[in-house]
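Data block below; observations after.
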Amino acid sequence: EIFPIVNSQSIGYIQYFAENHIIPGKITEPMQISPLTIDIIIPVYNGLKYFDTLFEGIERTKMNYRLILVDDKSPDPMVTKYLDSYAATHDNVILLRNEENMGFVRSVNRALEIAENHVALVNTDVEVPEEWLERLMDPIIKKPQIATTTPFTNCGTLCSFPEFAKDN
């Protein structure tokens, strides 16, 4: 299935990004989809308003993935209901529930304990662009000496783009 690009300057349009921000010229090689499965870890503490956009973006991913959700004892009962329903209707989802609020790092570590593959860590308030996982994992899969990759974001302090450490 092909997902249309809204316009030539949309966030996920890598051709525009590369031509205007990274390298002169065009990307001519199509993205190769790896047969590997990637574990996507999402620590959750509330954030219900972001879920539809987040999960719709992840579901457009062409790579094989397993989603590991960690509910960090979200006090919003609608979060519990949403995550229960989502996990029940998607066979590639594992839902972990913390019995007490453990915080971001400990929740991620809990998910890492059951991870079986390369891992992508995603926050709940993220809108993933087209081919996000494919682009994120491509260097790791192709070059064994690369252990980690970090995407740009418009509001992520150290990874903010186009202006470093700013809400763009």
[atom1]-[atom2] distance between [X] and [Y], expressed to the nearest 0.5 angstrom:
X	Y	atom1	atom2	value
Met102	Asn109	CE	CG	8.0 Å
Thr61	Glu130	OG1	CD	11.0 Å
Met137	Ile38	CE	CD1	5.0 Å

[X] and [Y]: same hydrophobic cluster, using ILVMFWY side-chain contacts below 4.5 Å?
X	Y	answer
Leu36	Leu112	no
Ile68	Val105	yes
Val93	Ile41	no
Val44	Phe104	no
Leu67	Leu83	yes

For the student: nearest non-hydrogen atoms of [X] and [Y], plus distance:
X	Y	answer
Trp132	Gly57	NE1-O, 4.2 Å
Leu54	Val126	CD1-O, 3.6 Å
Asn64	Pro35	ND2-O, 3.1 Å
Thr149	Leu136	OG1-O, 2.7 Å
Ala147	Ile140	O-CD1, 4.1 Å
Lys73	Glu100	CD-CA, 3.5 Å

Are the side chains of Ile58 and Ile42 in touch, meaning some heavy atoms are under 4.5 Å apart?
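Yes, close enough: below the 4.5 Å cut-off.
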
For Tyr86, check ring pair (Phe, Tyr, Trp, His ring centres under 6.0 Å) against everything at least two apart and list the hits.
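Applying ring pair (Phe, Tyr, Trp, His ring centres under 6.0 Å) to Tyr86 gives Phe55, His90.
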
Which residues pass the side-chain hydrogen bond (donor to acceptor under 3.5 Å, both in side chains) test with Asn101, not counting sequence neighbours?
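Applying side-chain hydrogen bond (donor to acceptor under 3.5 Å, both in side chains) to Asn101 gives Asp72.
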
Determine yes or no for a side-chain-to-main-chain donor-acceptor pair under 3.5 angstrom, with [X] supplying the side chain and [Y] the backbone.
X	Y	value
Asn92	Tyr65	yes
Arg110	Arg106	no
Arg60	Pro129	no
Asn98	Ser107	no

Do Tyr82 and Asp52 meet the criterion of a side-chain donor-acceptor pair at a distance under 3.5 Å?
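Side chains of Tyr82 and Asp52: pair found under 3.5 Å.
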
Just distance, no hydrogens or angles: give the donor-acceptor pairs under 3.5 Å from side chains in residues 115-125, sequence neighbours left out.
residue : atom : partner : partner atom : Å
Asn117  : ND2  : Asp39   : OD1          : 3.1
Asn117  : ND2  : Asp39   : OD2          : 3.3

Atom CZ of Phe51: over 12 foreign heavy atoms under 6.0 Å:
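Yes - once you tally the heavy atoms of other residues, nucleotides and ligands closer than 6.0 Å, there are more than 12.
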
Glu99 atom CD, neighbour heavy-atom count above 12 within 6.0 Å
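Incorrect, the count does not exceed 12.
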
Apply the side-chain contact (heavy atoms from CB on, under 4.5 Å) test between Asp71 and each candidate in Leu96, Thr80, Asp84; give the one that qualifies.
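For Asp71, the side-chain contact (heavy atoms from CB on, under 4.5 Å) test succeeds with only one of Leu96, Thr80, Asp84, which is Thr80.
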
Run the side-chain contact (heavy atoms from CB on, under 4.5 Å) test on Val108 and Val70 for me, step by step, so that the C-alpha distance in whole Å, both residues' side-chain angles and the decisive distance to 0.1 Å come before the verdict.
CA-CA 8 Å; Val108 169; Val70 185; over 6 Å; no

